[in-house]
Amino acid sequence: MKIQDNIDTFNSLVKRRGFIWGPSPEIYGGFAGFYTYGPAGSALKNKILSLFRKELSYFGFLEVECPTIMPEIVWEASGHLERFIDYITRCTKCKSLYRADKILKELLPDTLIDGLSKKELNKLIKTKNLKCPSCDSLLGEIEEYNLMLKTNVGDNNIAYLRPETATTTYLLFNRLDNYARKKYPIKVFQYGKAHRNEISPRQGIIRMRTFDQLELQLFIGKEQEMTLEEYFDVKNEELPFLDWKTQTKNIYKPNIISLEEAINSGVIKKPAFAYCLYISYFLTKRFGYENGLIRLRQHSPAERAHYADDAWDLEIETRQYGWIEICGIHDRTDYDLRRHQEFSKQNFEISMDTSSNKKEIPQVLEIAFGIDRILYTLLESCFDVKEQRINLKLKPFLAPYSVAVFPLIKNKKEIRDLAKKVQKKLLNNRIASFYDETGSIGKRYRRQDELGTPFCITIDYESLEDQSVTIRYRDSMEQERIKINKIPDIISRNLISI
RNA sequence: GCGCUCGUUGUAUAGAGGUAGUAUUCAGGCCUUCCAAGCCUGUGGCCCGGGUUCGAUUCCCGGCGGGCGCACCA
């Protein structure tokens, strides 16, 4: 197969090298929207998470982990039950599926549709004899389509698999208030599975029915949103902003301005929210995306979720799918805590300032990363083909394997033995490494290039005499001579992520 | 979900109503003193179900899955 710098070569690499397999289960023909990470993919994902955890601890975030299944009342309170169930209508003949409110607005532009009940919508469809736009047959009865996966727990308790991790974190509010000893903002995050019953999953792991989220929450006072200290430390940082008003002029090139300028020009209202945008950008940059591939795009008021006062997507440009959201930053106000207070009858009004007796329900700022999308966009943006050589130029600390060890030739026992010894030494230092003696030395280098292994160590005749080896660097393909006892140090130093 | 289209070794592909080639990968061997060399040997495949037929991987129907367009996307 000729190696070409194209998306087909990339897609085949992702499968061949054990990053992503599916749809799973493959041996039964697959189930749309479900994928598996192979060994290389799992390793990459773990390294992504470990970088997140390291950085989040630096920013002062606490980690929690909640159940993925929650009783119905949680979703009633969060608003998901209402918002995630769409009224739909099917054409009686061609079976085309439409969202009831949308199709009614289209067919009856002069009628007020918003807020109508299921019964009223049905009545409209019948009395007006509404017809399917694609085949002109009658539209059927209203049905419900639930984007949340429903299940039964115990005898007959209705429950739902969480469609986001955020809500489950909010349920911990009074515990966290105690734990953090009222030091606001409380910064907390949760990593875990979320599930959505997508009507038609597409684009591989970009839209799955079960996926990984890592969501950061800031519980913060209303006044504190305007005065947050952390903002003043980073207000001169420049980010690629694309606000919604600019988008209405069909301009999609981001404007690189500082957080302070964004606040002053009114693009962002609250310094604390600006700080959240900064965190999302900073964390994303740590993975090594190139500048031109990142933008922060603001949602128009119509595009926002039911809970959001302001919303931005951090997007990465991909060759295969265009701009992809890898992180959503939302100002959820006090919506969630207020609703959970109401439904749970707990008291979430607290005094955040010991000098006054004023009580308030904290505001919530949310930074929601999609881990699978980070993994995909990273793979794609690191994929590099030059002169028939595939190189997956992941940052060394993200590569599934850190080092590969080769004997220069395999039919010389002393060289093999020493190579195996060197690999054992690496393993003893807990450095993820790989031994390979099959094929020519060049072929073995290429194998590791495809996996993104940043360092290869080759043992040759000279090594037997002076205990030195060749270390070969993935991106430059340069080689250096180093002593065997220095290997763990040199590798460890090169793997440091800062 | 609708429409179009596609589904052949791990990957990428060829092909015909009589169960399959090619490239590469992979395993073993020979060779090899640093960037996919060469030679030999070997492993491995027609998405699932039904129908038509003496015979189906090939034709038909249905399902499942992929791609694209529409719809959907908290």
Side-chain angles (χ1 to χ4, degrees), chain A residues 1-4 7-9 11-18 21-34 38 75 78-86 88-91 93-99 102-103 106 132-135 143 145-148 162-164 166-167 194 196-204 206-209 299 303-308 311 320 325 328 330 368 387-391 406-412 415 438-450 456-464 469-474 477-479 481:
Chain A
M1 176 181 51
K2 193 165 183 287
I3 297 169
Q4 291 176 318
I7 213 70
D8 294 333
T9 310
N11 286 332
S12 127
L13 170 89
V14 163
K15 277 186 273 191
R16 275 191 299 119
R17 287 298 176 202
W21 292 325
S24 311
E26 289 184 287
I27 63 167
Y28 289 106
F31 201 26
F34 298 92
W75 309 113
S78 72
H80 285 89
L81 204 52
E82 192 182 332
R83 303 287 177 151
F84 264 54
I85 292 181
D86 286 331
I88 54 166
T89 169
R90 264 176 234 274
C91 168
K93 192 174 165 210
C94 77
K95 306 292 179 204
S96 285
L97 192 70
Y98 301 97
R99 237 178 78 172
K102 293 216 170 171
I103 192 79
E106 191 185 315
C132 168
S134 69
C135 79
E143 305 165 41
Y145 187 87
N146 190 350
L147 224 47
M148 281 197 293
R162 64 182 178 190
E164 62 165 21
T167 285
R196 289 177 201 177
N197 194 14
E198 300 282 356
I199 293 179
S200 55
R202 290 267 176 97
Q203 307 183 318
I206 295 299
R207 252 172 84 198
M208 292 192 282
R209 286 180 164 141
H299 285 198
E303 201 181 342
R304 282 181 210 149
H306 64 277
Y307 47 67
Q320 188 154 226
E325 174 197 355
H330 301 114
E387 288 158 16
Q388 296 288 294
R389 171 179 174 253
I390 296 175
N391 183 20
F406 313 137
L408 182 60
I409 48 170
K410 74 169 166 182
N411 59 3
K412 183 92 183 165
I415 293 182
T438 308
S440 70
I441 189 74
K443 184 178 249 180
R444 284 177 267 161
Y445 284 145
R446 298 300 172 89
R447 271 190 203 120
Q448 296 306 319
D449 290 341
E450 289 191 350
C456 292
I457 284 174
T458 301
I459 284 76
D460 56 19
Y461 287 97
E462 223 179 305
S463 312
L464 299 175
V469 298
T470 302
I471 180 165
R472 177 262 198 186
Y473 299 98
R474 183 193 65 203
M477 292 168 76
E478 275 168 13
Q479 305 190 347
R481 206 72 197 173

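This is a predicted model, so every value here is computed, not measured. Below, chains carry the letters A, B, ... as their sequence lines are ordered, and counting in each starts from 1.
- Atoms CD1 (A:Ile27) and C1' (B:rU9) sit 17 Å apart, rounded to a whole Å.
- Between A:His80 and A:Glu164 the shortest heavy-atom distance is CE1-OE2, 3.4 Å.
- To the nearest whole angstrom, the two P atoms, one in B:rA20 and one in B:rU53, are 24 Å apart.
- With hydrogens and angles ignored, a donor-acceptor pair under 3.5 angstrom links the side chain of A:Ser200 to the base of B:rA71.
- Between B:rA16 and B:rG55, the two C1' atoms lie 14 Å apart (nearest whole Å).
- Between B:rG17 and B:rC46, the distance separating the two C1' atoms is 14 Å to the nearest Å.
- No side-chain heavy atom of A:Met148 sits less than 4.5 Å from a side-chain heavy atom of A:Asn197.
- Closest non-hydrogen pair, A:Arg447 versus A:Thr438, comes out as NH1-O, 2.9 Å.
- Atom CZ in A:Arg90 sits about 8 Å away from atom P in B:rC2, given to the nearest Å.
- In terms of heavy-atom proximity, A:Thr458 sits nearest to A:Ser463 at O-OG, 4.4 Å.
- Annotation: B:rC68 and B:rC30 have their P atoms spaced 48 Å apart (nearest Å).
- Of the nucleotides present, B:rU41 is the one that pairs with B:rA27 by Watson-Crick or G-U wobble criteria, both distances under 3.5 Å.
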What string of B, S and - do you get for nucleotides 29-45 of chain B, 5' to 3', when a contact is any protein heavy atom under 4.0 Å?
-> S-SBBBBBS--------
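- Atoms CD1 (A:Ile85) and C1' (B:rC73) sit 16 Å apart, rounded to a whole Å.
- Mapped onto RNA chain B by nearest heavy atom, A:Arg99 and A:Lys15 fall at different nucleotides, with A:Lys15 at the one closer to the 5' end.
- Across the P atoms, B:rG7 and B:rA14 are found 9 Å apart, a figure rounded to whole Å.
- Between B:rG49 and B:rA56, the distance separating the two P atoms is 13 Å to the nearest Å.
- One P atom belongs to B:rU5, the other to B:rG63, and the distance between them is 15 Å to the nearest Å.
- Across all strands shown, B:rA12 forms a Watson-Crick or G-U wobble pair, both distances under 3.5 Å, with B:rU22.
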Go along nucleotides 63-68 of chain B 5' to 3' and tag each nucleotide: B for a protein heavy atom under 4.0 Å from its base, S when only backbone or sugar atoms are that close, - otherwise.
-> -SSSSB
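- Using C1' as the reference atom, B:rC70 and B:rG15 are 35 Å apart when rounded to the nearest Å.
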